[in-house]
Amino acid sequence: MHDLKNRKDMKKVDVNALFLGPKSENFRFFKEMMTIMMDEHIFWRRNFQPEDEAFITHQDQRTDQFLETENHIQESLFELSNRLRAKSVPWFSPRYLGHMNSDVLMPAVLGYMATILYNPNNCAYEGSPATTEMELEAGHQLGVMLGYDPDKTWGHITSGGTVANFESVWMARNLKSMPFGIRIVCPQLTDGMDDWALSNLTTDQILELMDRAKERGVLEEAKDQSVQAIGVGPCKPKLLVPESKHYSWQKSADIFGIGRSNIVMVPVNDNYRMDMVALHKILEKLLKEKTPVLALVSVIGTTEEGAIDEVHEVVKIRREFDQRGLSFYYHLDAAFAGYARAMFLDETNRFMKFEEANKFYNAQSAVNKGKNWLNRDVYDSFKAMPEADSITVDCHKMGYLPYSAGAIAVRDKRMLMVNSYESPYLDDSDAPPQIGQFIKN
């Protein structure tokens with residue numbers, strides 16, 4: 001793993017050396033690295049308590065039953081290989097462009113196959129002291145790539161974009177409920193606010209309120225009075241998603257007790273992006289009706305069209321309604337195109353100016369040479385991504401990692417407090433890093 005601070009070295013990377021190749025052109029290097037990684041693991045096992053005798057003896061390995069078992073394994077693997085070759089999708093071929101997926105990186109495959117032998121479980125640090133740290137490093141790197149403050153962001157790997165989206169709804173739901181729990185256990189902290197005011201605190205205001213509750217030692221008691229403990233109450237906040245949304249959002253409304261009937265579909269425009277005029281009208285209506293909004297979702301790379309919602313315009317609308325008393329959580333479903341934000345970062349991880357990025361990419365291709373490669377709305381959308389409270393990324397898409405790898409990054413790691421089932425160790429630098437207590441396993 002390479003830190004984002006060392007991006008200057010990445011200019012020297014040859015993309016052709018990262019993949020096995022459509023014709024397996026790099027198979028010699030791949031096999032060599034695979035052998036080395038397997039040898040490393042084998043030597044680790046052999047050298048662990050070297051005074052111990054072998055558990056499986058040569059005599060065991062020469063029995064008929066042992067040899068028959070080995071033969072059965074071999075036959076099963078050959079059958080597996082035949083079935084995979086017969087019916088798998090040729091992601092690796094430049095002739096195949098029928099899906100958003102592509103080939104996988106050799107380093108990713110080698111790392112995956114090497115790690116799987118150690119069988120780590122990152123939910124518990126004691127079962128995965130090495131890989132827990134690496135997962136949190138990778139999650140932090142993603143947060144920084146997506147534009148979040150390095151000192152505040154937190155992220156982790158999920159089993160895919162659906163689980164990452166689930167976690168955003170889980171967090172939004174628990175955040176929306178926390179002020180009510182705090183009012184019950186320590187009413188002076190909420191300063192006489194009514195239900196509508198408590199339902200429309202901004203994310204930062206909720207986090208600040210939780211900080212004050214934590215200082216008074218009542219945060220855990222407040223969580224026991226929130227939706228996390230007592231379940232979904234009579235309040236039915238709306239979840240706003242564009243018509244171009246992934247079906248995981250209907251699933252999340254079902255699983256987290258929001259109800260599919262409380263999903264509001266925002267129309268898309270002729271470019272398949274969320275329609276800002278329609279969004280504004282929907283929020284106006286909800287404000288007039290005094291109907292709270294749980295969260296708003298924008299899509300960065302729709303499944304069907306690859307469209308990029310105008311995040312910068314949503315941010316403006318969100319600020320307007322914040323000032324008017326209607327506040328909500330903002331999530332970006334960037335499962336498809338989240339990694340594309342890296343295209344706008346220079347060697348120092350700085351987000352390039354529009355003219356700078358346009359000039360750079362125009363010079364990279366004979367097709368683009370002399371043309372305006374970059375769409376201003378797309379540029380502004382990627383630039384505004386850090387304004388969202390959380391972002392989903394699918395590493396198995398533009399990250400070129402094996403299935404199934406997704407990720408979620410949050411803007412402010414204090415948000416983890418609303419999902420924690422133990423006191424989080426965010427302020428204790430001596431405690432081991434934890435993942436399982438914060439995530440949807």
Side-chain angles (χ1 to χ4, degrees), residues 97 99-102 142-148 161-162 164-165 168 239-249 265-280 282 295-319 328-346 351-362 364-365 367-368 371-400 406-409 411:
L97 297 173
H99 203 276
M100 63 178 66
N101 290 69
S102 185
L142 283 171
V144 174
M145 181 193 76
L146 296 168
Y148 286 145
T162 293
N165 286 341
S168 71
L239 175 61
L240 275 57
V241 298
E243 289 179 336
S244 55
K245 54 59 183 100
H246 187 262
Y247 56 77
S248 58
W249 294 107
M265 302 287 189
V266 182
V268 296
N269 58 26
D270 291 342
N271 291 319
Y272 303 99
R273 299 170 179 166
M274 182 187 289
D275 189 311
M276 294 298 106
V277 174
L279 173 63
H280 199 280
I282 289 170
L296 170 65
V297 177
S298 291
V299 181
I300 309 299
T302 61
T303 301
E304 292 82 5
E305 304 292 341
I308 309 295
D309 281 343
E310 295 169 291
V311 177
H312 54 297
E313 297 296 340
V314 174
V315 168
K316 292 176 186 176
I317 293 174
R318 186 192 191 197
R319 287 174 182 162
F328 46 84
Y329 189 96
Y330 186 33
H331 177 76
L332 300 182
D333 185 354
F336 184 10
Y339 272 91
R341 194 175 191 276
M343 297 175 65
F344 301 98
L345 304 178
D346 66 12
F351 199 89
M352 291 186 284
K353 295 180 179 179
F354 178 81
E355 296 77 13
E356 189 180 357
N358 200 29
K359 181 179 179 181
F360 176 80
Y361 284 106
N362 283 347
Q364 301 305 306
S365 168
V367 176
N368 291 326
K371 299 179 181 178
N372 289 321
W373 169 82
L374 188 55
N375 178 286
R376 184 77 207 207
D377 285 336
V378 170
Y379 171 88
D380 288 339
S381 294
F382 278 102
K383 186 176 182 179
M385 285 176 70
E387 299 289 337
D389 293 308
S390 57
I391 303 174
T392 288
V393 179
D394 261 350
C395 311
H396 61 251
K397 292 187 173 75
M398 286 191 175
Y400 306 111
I408 184 171
R411 178 175 56 85

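The model shown is predicted, which means the values in this text are computed figures rather than measured ones. Residues: numbered from 1 along the sequence shown.
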One pair to check against side-chain contact (heavy atoms from CB on, under 4.5 Å): Y148 and M385. What are the steps and the verdict? CA-CA 9 Å; Y148 286 145; M385 285 176 70; over 6 Å; no
What distance separates E304 CD from H246 NE2, expressed to the nearest 0.5 Å? 9.0 Å
Within the structure provided, determine whether M145 and L345 are in side-chain contact (heavy-atom separation under 4.5 Å). yes
Are F360 and F344 near enough that their ring centres are under 6.0 Å apart? no
Residues passing the salt bridge (charged side-chain N to carboxylate O under 4.0 Å, His left out) test with K359, sequence neighbours excluded, are none
Any donor-acceptor pair under 3.5 Å linking the side chain of D394 with the backbone of K397? no
Distance from F382 atom CZ to L374 atom CG, nearest 0.5 Å? 10.0 Å
Step by step, would you call H396 with N101 a side-chain contact (heavy atoms from CB on, under 4.5 Å)? CA-CA 8 Å; H396 61 251; N101 290 69; 4.1 Å; yes
Between Y361 (side chain) and M343 (backbone), is there a donor-acceptor pair under 3.5 Å? yes
Take Y247 and T162, measure what side-chain hydrogen bond (donor to acceptor under 3.5 Å, both in side chains) needs, and give me the verdict at the end. CA-CA 9 Å; Y247 56 77; T162 293; 5.8 Å; no
Do H331 and T392 pair up side chain to side chain, a donor and an acceptor below 3.5 Å, judged on atom types alone? yes
For E310 and R376: C-alpha separation, side-chain torsions, deciding distance, then whether salt bridge (Lys or Arg N to Asp or Glu O under 4.0 Å) applies. CA-CA 10 Å; E310 295 169 291; R376 184 77 207 207; over 6 Å; no
Hey, mind stepping through R318 and D389 against salt bridge (Lys or Arg N to Asp or Glu O under 4.0 Å) and telling me if it holds? CA-CA 12 Å; R318 186 192 191 197; D389 293 308; 2.7 Å; yes
With a sphere of 6.0 Å drawn around OH of Y272, does it hold more than 12 non-hydrogen atoms of other residues, nucleotides or ligands? no
Ignoring hydrogens and geometry, is there a side-chain-to-backbone donor-acceptor pair from Y339 to G399 under 3.5 Å? no
Donor-acceptor contact present, side-chain N362 to main-chain N358, <3.5 Å: yes
Separation between OG1 (T302) and CD1 (I308), nearest 0.5 Å, reads 7.5 Å
From Y379 atom OH to H312 atom NE2, the distance as rounded to the nearest 0.5 Å: 11.5 Å
Rounding to 0.5 Å, atoms CG (L279) and CG (N269) come to a distance of 12.0 Å
Are Y330 and S298 linked by a side-chain donor-acceptor pair shorter than 3.5 Å? yes
Do Y329 and S390 meet the criterion of a side-chain donor-acceptor pair at a distance under 3.5 Å? yes
Any chance you could lay out the side-chain hydrogen bond (donor to acceptor under 3.5 Å, both in side chains) test for S248 and N165, step after step, and finish with the verdict? CA-CA 7 Å; S248 58; N165 286 341; 3.0 Å; yes
With rounding to the nearest 0.5 angstrom, report the CD to CZ distance, E387 to R411. 8.5 Å
Decide salt bridge (Lys or Arg N to Asp or Glu O under 4.0 Å) for D309 and R273; before the verdict, give the C-alpha distance in whole Å, the side-chain angles of both, and the deciding distance to 0.1 Å. CA-CA 5 Å; D309 281 343; R273 299 170 179 166; over 6 Å; no
